[in-house]
Amino acid sequence: MKALILALAGLVWTAAAALADNPDPADWQAVRAEARGQTVYFNAWGGSQNVNAYIAWAGERLAERHGVELVHVKLDDTAAAVATVLAEKTAGRDEGGTIDLIWINGENFAAMKRQDLLMTPGWAEALPNWRHADVENKPTVLTDFTVPVEGLESPWGMAKLVFFFDTARTDAAALPEDAAGLLAWAKANPGRFSYPQPPDFTGSSFLKQVLIETVADRAVLDRPVAEADFERVSAPLFSYLDALHPVMWRSGRTYPRNYPAMKQLLADGELDIIFAFNPAEASNAIANGELPDTVRSFTFPGGTLANTHFVAIPYNAAAKAGALVVADFLLSPEAQARKQDPAVWGDPTVLAVDRLPPAARARFAALDLGLATLPPEALGPALDEPHPSWMERVETEWMRRYGAAN
């Protein structure tokens with residue numbers, strides 16, 4: 001018994017010591033002092049030249065201002081970084097880890113949180129620039145695919161469902177303002193709307209939007225799907241689709257294969273309303289000659305599906321202070337405005353732009369977002385993603401009901 005007590009005491013001491021070793025973002029001056037001279041190994045997807053160039057720019061600013069060297073470790077799959085941290089924990093490497101910061105969200109974050117692979121909770125909300133985060137209109141900065149963030153990761157950017165239409169053919173005054181309005185519009189304009197066939201990501205996102213708007217109690221979507229309740233909970237969604245499909249393009253007998261196919265149908269004049277998960281998509285398509293310059297964007301005032309991507313610090317990071325400084329800089333109005341510039345990246349900000357100081361607001365106001373891109377304040381509220389199990393079950397049921405027709 002005495003040996004057990006001593007062993008448990010040792011574990012408590014080790015945990016307390018590890019906690020004490022973590023820099024405290026509430027003492028930001030001390031964090032900056034500790035960070036100077038550190039090298040931060042930032043594991044992030046490396047498949048985009050624009051994203052890579054942005055991270056390189058951030059590294060230059062961090063070196064100039066804070067004496068922090070940022071090394072971009074380019075990943076094909078974020079799961080590889082999660083596996084590295086898990087392997088280090090399994091091997092007992094509880095400090096001096098090889099990864100200091102990870103670009104992350106969704107299941108990868110859930111896995112790291114579940115296995116205690118992240119630095120202690122609360123650090124993100126203690127960052128100086130956290131005060132600018134838009135927690136009211138963008139609740140996805142607080143929940144990552146329904147998993148509470150609890151300050152274990154810092155928001156970096158947004159993805160949001162936005163609709164597009166051609167002003168040359170469609171009356172802006174008659175555009176729908178919610179899923180029910182879209183159904184009414186489709187009935188009044190038969191054959192002029194469709195969505196990609198699930199499990200295509202864009203098509204599944206549309207199903208999630210309708211599910212969120214039609215479910216009796218949205219809170220049930222925060223939990224894993226219960227098979228005993230699925231039919232009852234999802235009934236309004238499938239009643240909606242049963243009414244929508246007969247008035248869709250080709251009477252719902254076939255569907256666009258993916259977003260590019262749907263975009264081409266808008267360009268060809270076969271569809272009047274389409275949608276994407278990137279608010280800058282229409283402007284980019286106009287710039288590339290894929291859509292006419294009369295195309296514009298709209299969204300639902302009550303909110304559309306959104307998610308946030310984050311940066312997280314592993315529990316055993318070697319340069320925790322440096323990682324905190326990097327995360328705070330990436331959340332700064334300067335870095336967020338540059339990231340939202342379509343000429344740089346075009347990724348929507350996680351900040352409440354209307355509440356920023358005048359000079360910071362001016363940075364965003366000066367951005368040329370493109371002809372068809374809504375400003376951040378016009379994107380409307382963000383609706384959180386349902387638990388991943390819901391989408392898997394909805395897709396299966398969708399295929400059972402409608403897939404045979406294709």
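If you're wondering where the values come from, they're calculated on a predicted model, not measured in any experiment. Counting from 1, the numbers follow the sequence of the chain as shown.
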Chemist: So N43 and L101, do their side chains get closer than 4.5 Å, heavy atoms only?
Modeler: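 L101 vs N43: side chains apart.
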Chemist: Is it the case that the ring center of F329 lies less than 6.0 angstrom away from the ring center of W57?
Modeler: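 Distance test on ring centres: under 6.0 Å, yes.
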Chemist: List the steps, then state whether side chain to side chain contact (heavy atoms under 4.5 Å, CB included) holds for V210 with L207.
Modeler: CA-CA 5 Å; V210 177; L207 297 187; 5.9 Å; no
Chemist: With distance as the sole test, does H66 use its side chain to make a donor-acceptor pair with the main-chain N or O of V68 at under 3.5 Å?
Modeler: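 Flag not set: sc H66 to bb V68 has no pair under 3.5 Å.
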Chemist: Would one find more than 12 heavy atoms of other residues, nucleotides or ligands at under 6.0 Å from atom CZ of R257?
Modeler: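 12 or below, so no.
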Chemist: When the aromatic ring centroids of F145 and F109 are compared, is their separation below 6.0 Å?
Modeler: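 Between F145 and F109, the centre distance exceeds or equals 6.0 Å.
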Chemist: Indicate whether any N or O donor in one side chain lies under 3.5 Å from an N or O acceptor in the other, for K160 and T304.
Modeler: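 On atom types as modelled, these side chains qualify, holding a pair under 3.5 Å.
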Chemist: When you compare the side chain of V325 with that of W28, does any pair of heavy atoms fall below 4.5 Å?
Modeler: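 Touching, per the 4.5 Å side-chain cut-off.
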Chemist: Report yes if the side chains of N129 and P333 come closer than 4.5 Å at any heavy-atom pair, otherwise no.
Modeler: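 Yes - at least one pair of side-chain heavy atoms lies under 4.5 Å apart.
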Chemist: Does the S283 side chain pair with the main chain of T373, one donor and one acceptor, at a distance under 3.5 Å?
Modeler: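 Judged by distance alone, yes, a pair lies under 3.5 Å.
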Chemist: Would you say that E125 contacts L142 through its side chain, given a criterion of any heavy-atom pair below 4.5 Å between the two side chains?
Modeler: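 Touching, per the 4.5 Å side-chain cut-off.
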Chemist: Under 6.0 Å from the ring centre and within 45 degrees of the ring axis: does the NZ or CZ of K339 meet both conditions for the six-membered ring of W156?
Modeler: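 Pair K339/W156 counts as cation-pi.
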Chemist: For a 4.5 angstrom cut-off between non-hydrogen side-chain atoms, does L291 reach L266?
Modeler: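 Contact flag for L291/L266 side chains = yes.
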Chemist: So which heavy atom on L152 is nearest to which on M119, and how close?
Modeler: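 Answer, listing the atom of L152 first, then M119: CD2-O, 3.0 Å.
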Chemist: Measure the spacing between CG of L379 and CG of N137 and express it to the nearest 0.5 Å.
Modeler: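 Output value for this atom pair is 10.5 Å.
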Chemist: Just by distance, do the side chain of W130 and the backbone of G151 share a donor-acceptor pair under 3.5 Å?
Modeler: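 Checked: no pair found.
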Chemist: Between the side chains of R36 and E69, is the shortest nitrogen-to-carboxylate-oxygen separation below 4.0 Å, so that they form an ion pair?
Modeler: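 Here E69 does not pair with R36 in a salt bridge, since their nearest N and O are not under 4.0 Å apart.
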Chemist: Closest approach of S154 and L127, non-hydrogen atoms and distance?
Modeler: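 Taking S154 first and L127 second, the nearest heavy atoms are OG-CD1, 3.7 Å.
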Chemist: Closest approach of I102 and A81, non-hydrogen atoms and distance?
Modeler: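 Of all heavy-atom pairs spanning I102 and A81, the closest is CD1-CB, 4.0 Å.
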Chemist: Given the rule in the side chain to side chain contact (heavy atoms under 4.5 Å, CB included) test, do F275 and M262 qualify, once you have shown the distances and angles that lead to the verdict?
Modeler: CA-CA 8 Å; F275 53 92; M262 188 168 59; 4.0 Å; yes
Chemist: For D368, does the CG atom sit with more than 12 other heavy atoms under 6.0 Å from it, leaving out its own atoms?
Modeler: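 Incorrect, the count does not exceed 12.
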Chemist: Tell me the closest heavy-atom pair linking H72 and A44, and the distance in Å.
Modeler: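 Looks like NE2-O, 3.1 Å.
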Chemist: Heavy-atom count around E231 CD within 6.0 Å, excluding the residue itself: above 12?
Modeler: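 No.
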Chemist: To check you understand the geometry: which heavy-atom pair defines the closest contact between D272 and R169, and what is its length?
Modeler: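 Nearest heavy atoms, D272 then R169: OD1-NE, 3.1 Å.
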Chemist: Could you walk me through whether L70 and I55 pass the side chain to side chain contact (heavy atoms under 4.5 Å, CB included) check?
Modeler: CA-CA 8 Å; L70 184 66; I55 293 174; 4.0 Å; yes
Chemist: For a 4.5 angstrom cut-off between non-hydrogen side-chain atoms, does L324 reach W123?
Modeler: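 Side-chain contact under 4.5 Å: yes.
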Chemist: How about D242 and Y402: does a side-chain donor come under 3.5 Å of a side-chain acceptor?
Modeler: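 D242 vs Y402: donor-acceptor pair found between side chains.
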Chemist: Do the side chains of R355 and E136 get close enough for a salt bridge, i.e. N-O under 4.0 angstrom?
Modeler: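 The answer is yes: the pair qualifies as a salt bridge.
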Chemist: State, yes or no, whether a side-chain contact exists between V350 and L331 at a heavy-atom distance under 4.5 Å.
Modeler: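 Yes, close enough: below the 4.5 Å cut-off.
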Chemist: Is R401 paired with E397 through a side-chain N to carboxylate O contact shorter than 4.0 Å?
Modeler: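 Salt bridge between E397 and R401, a charged N being under 4.0 Å from a carboxylate O: yes.
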Chemist: Are the side chain of Q340 and the backbone N or O of T349 linked by a donor-acceptor pair below 3.5 Å?
Modeler: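 Between the backbone of T349 and the side chain of Q340 there is a qualifying donor-acceptor contact (under 3.5 Å).
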Chemist: W249 and S194: which non-hydrogen atoms are nearest, and at how many Å?
Modeler: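 So the minimum-distance heavy-atom pair works out to CB-CB, 3.8 Å.
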Chemist: Do T98 and T84 touch side chain to side chain, with heavy atoms closer than 4.5 Å?
Modeler: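 Counting from C-beta outward, T98 and T84 do come under 4.5 Å.
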Chemist: I'd like to know if the side chain of T202 reaches the main chain of Y259, judged simply by a donor and an acceptor atom lying under 3.5 Å from each other, with no hydrogens or angles considered.
Modeler: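 No, because the side chain of T202 does not come within donor-acceptor range (under 3.5 Å) of the backbone of Y259.
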Chemist: The test is side-chain hydrogen bond (donor to acceptor under 3.5 Å, both in side chains); show your working for T294 and D166 and say whether it passes.
Modeler: CA-CA 6 Å; T294 48; D166 190 341; 2.5 Å; yes
Chemist: Mind running side-chain hydrogen bond (donor to acceptor under 3.5 Å, both in side chains) on E213 and Q209 for me, showing each step along the way?
Modeler: CA-CA 6 Å; E213 289 198 51; Q209 176 71 32; 2.8 Å; yes
Chemist: Ion pair present between E153 and K113, side-chain N to carboxylate O less than 4.0 angstrom?
Modeler: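 Looking at E153 and K113, the cut-off is not met.
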Chemist: Look at E334 together with R65 and state whether they make a salt bridge at an N to O cut-off of under 4.0 Å.
Modeler: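 A salt bridge is present here (some side-chain N lies under 4.0 Å from a carboxylate O).
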Chemist: Between S332 and A335 (side chain of the first, backbone of the second, donor and acceptor by atom type, cut-off under 3.5 Å), is there such a pair?
Modeler: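 Checked: pair present.
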Chemist: Could you tell me whether the side chain of R93 and the main chain of G96 form a donor-acceptor pair under 3.5 Å?
Modeler: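 Yes: the side chain of R93 pairs with the backbone of G96.
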Chemist: Knowing that exactly one of F298, F277, F193 qualifies, which makes a ring-ring contact (aromatic ring centres under 6.0 Å, His included) with F163?
Modeler: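 Of F298, F277, F193, ring-ring contact (aromatic ring centres under 6.0 Å, His included) with F163 is met by F298 alone.
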Chemist: Between CG of L182 and CD1 of I273, what distance do you get to the nearest 0.5 Å?
Modeler: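 Here the rounded value is 6.0 Å.
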Chemist: Restricting to ring pair (Phe, Tyr, Trp, His ring centres under 6.0 Å), what partner residues turn up for Y195, sequence neighbours left out?
Modeler: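 Here the qualifying residues are F206, H245, Y255.
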Chemist: Give a yes or no on whether D268 atom CG has more than 12 heavy-atom contacts from other residues, nucleotides or ligands under 6.0 Å away.
Modeler: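 Buried by this count: over 12 neighbours within 6.0 Å.
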Chemist: Using distance alone, with no hydrogens and no angle criterion, decide if K320 and N22 have a side-chain donor and acceptor under 3.5 Å apart.
Modeler: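 Judged by distance alone, the side chains do pair up.
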Chemist: For D116 and Y315: C-alpha separation, side-chain torsions, deciding distance, then whether side-chain hydrogen bond (donor to acceptor under 3.5 Å, both in side chains) applies.
Modeler: CA-CA 8 Å; D116 295 323; Y315 84 104; over 6 Å; no
Chemist: We want to know whether E88 and N316 form a side-chain donor-acceptor pair, criterion being a heavy-atom distance below 3.5 angstrom.
Modeler: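 A pair is found: one side chain offers a donor N or O, the other an acceptor, under 3.5 Å apart.
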Chemist: For G122, is there any backbone N or O sitting under 3.5 Å from a side-chain donor or acceptor partner on E150?
Modeler: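 Such a contact is absent between E150 side chain and G122 backbone.
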Chemist: side-chain hydrogen bond (donor to acceptor under 3.5 Å, both in side chains) with E385: which of T143, T308, N307?
Modeler: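 Exactly one candidate clears the test, N307.
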Chemist: Check the side chains of N258 and D200 for a donor-acceptor pair under 3.5 angstrom, ignoring hydrogens and angles.
Modeler: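 No donor-acceptor contact under 3.5 Å links the two side chains.
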Chemist: Does the pair D229/R232 count as a salt bridge with the N-to-O cut at 4.0 Å?
Modeler: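 Salt bridge present between D229 and R232.
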Chemist: Would you call R192 and E270 a salt bridge, using N to O less than 4.0 angstrom?
Modeler: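 Not counted as a salt bridge, because no side-chain N and carboxylate O are separated by less than 4.0 Å.
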Chemist: Give a yes or no answer on whether the side chain of Y240 reaches the backbone of A235 with a donor-acceptor pair at less than 3.5 Å.
Modeler: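 No: the side chain of Y240 does not pair with the backbone of A235.
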Chemist: Looking at F364, I want to see if its CZ is surrounded by more than 12 non-hydrogen atoms of other residues, nucleotides or ligands under 6.0 Å.
Modeler: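 More than 12 heavy atoms, drawn from other residues, nucleotides or ligands, come within 6.0 Å of this atom.
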Chemist: How about H309 and D144: does a side-chain donor come under 3.5 Å of a side-chain acceptor?
Modeler: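 Judged by distance alone, the side chains do not pair up.
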Chemist: Assess the residue pair T78 and W103 against the criterion (side chain to side chain contact (heavy atoms under 4.5 Å, CB included)); give the C-alpha distance rounded to whole Å, side-chain angles, the decisive distance to 0.1 Å, and a yes or no.
Modeler: CA-CA 7 Å; T78 305; W103 181 12; 5.7 Å; no
Chemist: Given 3.5 Å as the limit, does a donor-acceptor pair link the side chain of K138 with the main chain of L351, or not?
Modeler: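 Here the side-chain-to-backbone pair exists.
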